[in-house]
Amino acid sequence: MRNRKAFGWAELILGILLCILGIYTFIHPSVGVTGATLLYGIVALVSGIIDIVFYIKLEQRTGFGPALSLVGGILSIIASLLILFNLGVGEWVLVILFPIWFIAHCIAQLAHLPFIRLMEGTGYYYFTLVINILGLLVGIFMFFTPFVSFFSVGYMIAIYLLFLGIDSVVFSLNLLS
């Protein structure tokens, strides 16, 4: 019982921070796009380094390494450097990748619905269902209208951060009660 309450407080704090970040991003949408682009570039860099280290370690232990890991790592590092040193291009890449991630995340959340209903009840189940169906529709719209997406992605990031924050607060209140 104690771990559940501790997790509830952590989830509540996370939810409040996400809501604050969402409001800030809504007021300054370009910050959201630039921040997401920088984050994507850093994640690509770290991912590339991990892939190359994995290749080297496996090569040392087995005598051969998966070439795809090495190639993927090198391409990730190149992509990250292109993004980090040319944020304008990175923002356009983000505009293309963001809707794909948005759609994938919403589908993943919808796949968790049976577990959510079982563990958290019908109220949270329907809340998650509605939020993720709306997210799926928004992601599809952004995917097919990249020009509109470029100008609205900052606001989309802000709204999504707010929804994630509200979702975390509602979830934490279920854990704390």
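Start at 1 with the first residue, then count along the sequence.
- Residues Val170 and Leu17 do not share a hydrophobic cluster, clusters being chains of Ile/Leu/Val/Met/Phe/Trp/Tyr side chains in contact below 4.5 Å.
- With 3.5 Å as the limit, one finds no donor-acceptor pair spanning the side chains of Arg117 and Tyr124.
- Connection of Phe143 to Ile133 is established within a shared hydrophobic cluster, with ILVMFWY side chains joined at heavy-atom distances below 4.5 Å, either directly or through further cluster members.
- For the atom pair Lys57 NZ and Ile52 CD1, the distance stands at 14.0 Å (nearest 0.5 Å).
- In this structure, the side chains of Ile23 and Phe26 stay at 4.5 Å or more apart for every pair of heavy atoms.
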Criterion side chain to side chain contact (heavy atoms under 4.5 Å, CB included) on Val169 and Leu12, from CA distance to verdict: CA-CA 5 Å; Val169 168; Leu12 179 65; 4.0 Å; yes
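- Other residues, nucleotides and ligands contribute over 12 non-hydrogen atoms within 6.0 Å of the CZ atom of Phe127.
- Side-chain contact check for Leu38 versus Leu87: some heavy-atom pair is nearer than 4.5 Å.
- Once rounded to the nearest 0.5 Å, the distance linking CG of Leu136 with SG of Cys106 reads 6.0 Å.
- Between Leu113 and Thr128 the shortest side-chain heavy-atom distance falls below 4.5 Å.
- When the side chains of ILVMFWY residues are joined at heavy-atom separations under 4.5 Å, either directly or via intervening members, Leu129 and Ile140 end up in a single hydrophobic cluster.
- Ile16 and Ile13 fall into different hydrophobic clusters, where Ile, Leu, Val, Met, Phe, Trp and Tyr side chains are chained together by heavy-atom contacts under 4.5 Å.
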Residues 71-85 side chain polar contacts: donor-acceptor under 3.5 Å, at least two apart:
| from | atom 1 | to | atom 2 | distance (Å) |
| --- | --- | --- | --- | --- |
| Ser76 | OG | Gly72 | O | 3.0 |
| Ser80 | OG | Ser76 | O | 3.4 |
| Ser80 | OG | Ile77 | O | 2.7 |

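- Leu134 and Ile103 are assigned to two separate hydrophobic clusters, defined by single-linkage of ILVMFWY side chains at heavy-atom distances under 4.5 Å.
- Going from atom CD1 of Ile131 over to atom CG of Leu164 covers 9.5 Å, rounded to the nearest 0.5 Å.
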Counting only pairs under 3.5 Å, give me each side-chain donor-acceptor contact of residues 153-163, with atom names and distances, residues two or more places apart or in other chains.
| from | atom 1 | to | atom 2 | distance (Å) |
| --- | --- | --- | --- | --- |
| Tyr160 | OH | His105 | NE2 | 2.5 |

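- Expressed to the nearest 0.5 Å, how far OG1 of Thr25 lies from CG of Leu21 amounts to 4.0 Å.
- Atom OG of Ser168 and atom CG of Leu18 lie 5.5 Å apart (nearest 0.5 Å).
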